[in-house]
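Just so it is clear, the model here is predicted, and its values are computed rather than measured.
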Amino acid sequence: MSEDNSISLVNLGKLSKPANTLIEKVSCAIGGVFEPWQIKRVAKAEAEASLIKAESEIKITDLHRRAMHRFVEEEAKRQENMEEITKKSIPHLDETSNPENMEDDWITNFFDKSRIVSDEEMQTIWANVLAGEANTPGSFSRRTVNLLSDLDKSDAELFQTLCKFGWSIGNFTPLIFDSQAPIYNDLGINFSTLSHLDSLGLIQFNSLSGFNRQGLPDKFTLAYCGLPLVLEMKNGQNQLSIGQVLLSQAGLELAQVVRVPGVDEFYDYVKDQWKSHLPSEENI
């Protein structure tokens, strides 16, 4: 039997205290799968031991043997997925992070949903969620984790594209003023894809009347990719159109871990949409 030379979490070298705490917390919550004295992956070793014991007690058919080996390989792959997600989360831990405060039930559910994820890009999203929860326990609900598990890679990519249009308006808010406008359509954001994101539970999409932010101060500052924009509410109309899309609670939570660049010319596009609210010296 060949030696298992795969890279384990236990071989990562000297880790920060938050990283060590996270690994210990994960190990405790899901049954010690990262304990350093285990040379082989737990699932594989236990399954092989069970097979050897069974062969000594009963006659095993080739069908049984194939089923057992399939189980061994599947569990080994799931183990690898869990370790990869955990390793990818470590660089995103804050120095002040205290993973000890994470709930065991949350961790168990997280890995129950994420252990089948082998795509590297999707693992990165899961890792960001794990790090975000470790940094601030309670940031990601179980419902959001379960929703993420239902997303295809194309769904995740579509949501990330939507987030390219996000502004800081108190909450993170993608500004979609016209789902037929080329600035959105050129990147695949249109009526159909927005309706799809709505059906997934990531957004609310209202193409008819759109949404407004009300009760705003007379003068305030918004931002797009760190670029500020000052607006004024005039004639006592302290409300602002924010387009046709609102993020759901799950969408707001997942948007925290999305890291995408902005869209060229979108700042000026939005500025034109809000030109009636620009201070007099800018409203040329």
Side-chain angles (χ1 to χ4, degrees), residues 88 92 117 119-129 132 144 147-213 216 220-231 239-279 282-284:
K88 284 180 169 64
H92 303 293
V117 178
D119 179 84
E120 186 170 353
E121 293 182 19
M122 291 300 292
Q123 283 185 348
T124 297
I125 295 175
W126 281 96
N128 288 337
V129 170
T144 296
L147 188 153
L148 178 58
S149 70
D150 289 333
L151 296 184
D152 294 332
K153 183 177 180 180
S154 60
D155 297 331
E157 290 173 342
L158 179 60
F159 181 71
Q160 289 177 310
T161 299
L162 177 67
C163 288
K164 292 183 177 183
F165 300 98
W167 280 64
S168 296
I169 312 176
N171 290 330
F172 182 82
T173 305
L175 297 179
I176 310 297
F177 292 105
D178 180 1
S179 60
Q180 299 180 16
I183 196 167
Y184 304 117
N185 296 169
D186 289 348
L187 291 178
I189 299 298
N190 51 51
F191 184 92
S192 176
T193 55
L194 291 171
S195 297
H196 179 62
L197 290 175
D198 190 322
S199 70
L200 292 173
L202 290 168
I203 68 171
Q204 298 177 56
F205 175 43
N206 186 335
S207 62
L208 298 178
S209 58
F211 301 97
N212 293 304
R213 184 66 58 84
L216 295 168
F220 56 95
T221 302
L222 310 175
Y224 179 63
C225 296
L227 190 61
L229 178 64
V230 177
L231 297 182
Q239 65 176 22
L240 182 70
S241 171
I242 54 174
Q244 302 172 342
V245 167
L246 284 181
L247 293 179
S248 66
Q249 184 59 39
L252 283 169
E253 292 177 10
L254 290 178
Q256 298 177 59
V257 301
V258 172
R259 297 174 176 87
V260 291
V263 177
D264 291 342
E265 302 180 359
F266 189 60
Y267 178 88
D268 291 332
Y269 175 84
V270 172
K271 188 175 178 179
D272 186 62
Q273 296 292 318
W274 287 337
K275 60 186 177 182
S276 63
H277 297 292
L278 296 177
E282 294 191 30
N283 194 4
I284 301 176

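- Taking CG from Asn128 and NE2 from His92, the interatomic distance works out to 4.5 Å, rounded to the nearest 0.5 Å.
- Asn171 has its side chain out of reach of Leu246: every pair of non-hydrogen atoms, C-beta onward, lies at least 4.5 Å apart.
- Here the side chains of Leu148 and Leu151 are in contact, with some heavy-atom distance below 4.5 Å.
- Side-chain polar atoms of Asp198 and Ser195 form no donor-acceptor pair below 3.5 angstrom.
- With contacts defined as side-chain heavy-atom distances shorter than 4.5 Å, the pair Leu175/Gln273 does not qualify.
- Contact annotation: the side chain of Gln160 approaches that of Ile125 to within less than 4.5 Å [non-hydrogen atoms, C-beta and beyond].
- Under the 3.5 Å distance criterion, the side-chain polar atoms of Trp274 are matched with a main-chain donor or acceptor of Ser241.
- Side-chain contact between Leu194 and Leu162 is present, with at least one heavy-atom pair separated by less than 4.5 Å.
- From Arg213, atom CZ reaches atom CG of Leu240 across 8.5 Å, with rounding to the nearest 0.5 Å.
- Note: Thr173 OG1 to Ile203 CD1 = 12.0 Å, rounded to the nearest 0.5 Å.
- Contact detail for Ala255 and Leu247: the closest heavy-atom pair is CB-CD1, 4.0 Å.
- Side-chain N or O atoms of Asp119 include one that pairs as donor or acceptor with a backbone N or O of Glu121 at under 3.5 Å.
- At least one donor-acceptor pair under 3.5 Å links the side chain of Ser248 to the backbone N or O of Gly201.
- Looking only at side-chain heavy atoms (C-beta outward), Val129 and Leu254 come within less than 4.5 Å of each other.
- Met122 and Lys153 get closest at one heavy-atom pair: SD-CA, 3.9 Å.
- When every heavy atom of Ser179 is checked against every heavy atom of Gln244, the shortest pair comes out as N-OE1, 3.5 Å.
- The closest donor-acceptor contact from the side chain of Asn185 to the backbone of Ile189 lies under 3.5 Å.
- Counted within 6.0 Å of CG on Asp272, heavy atoms from surrounding residues, nucleotides or ligands total more than 12; the atom is thus considered enclosed.
- Note: Leu278 CG to Leu231 CG = 6.5 Å, rounded to the nearest 0.5 Å.
- Side-chain atoms of Val263 and Tyr224, non-hydrogen and from C-beta on, do get closer than 4.5 Å to each other.
- If you look at Tyr269 and Tyr184, their ring centroids are closer than 6.0 Å.
- The salt bridge (Lys or Arg N to Asp or Glu O under 4.0 Å) pairs that include a residue from residues 162-188 number zero, where partners must be two or more places apart or lie in different chains.
- The heavy-atom pair separating Thr193 from Gly188 by the smallest distance is OG1-O, 2.9 Å.
- The two residues Gln123 and Val117 come nearest to each other via the heavy atoms NE2-O, 3.0 Å.
- When all heavy atoms of Leu147 and Ala250 are compared, the pair lying nearest together is CD1-CB, 4.0 Å.
- A 4.5 Å side-chain heavy-atom check between Ile242 and Asn212 finds every atom pair outside the cut-off.
- Put simply, the residue from Phe266, Tyr267, Phe172 that forms a ring-ring contact (aromatic ring centres under 6.0 Å, His included) with Phe165 is Phe266.
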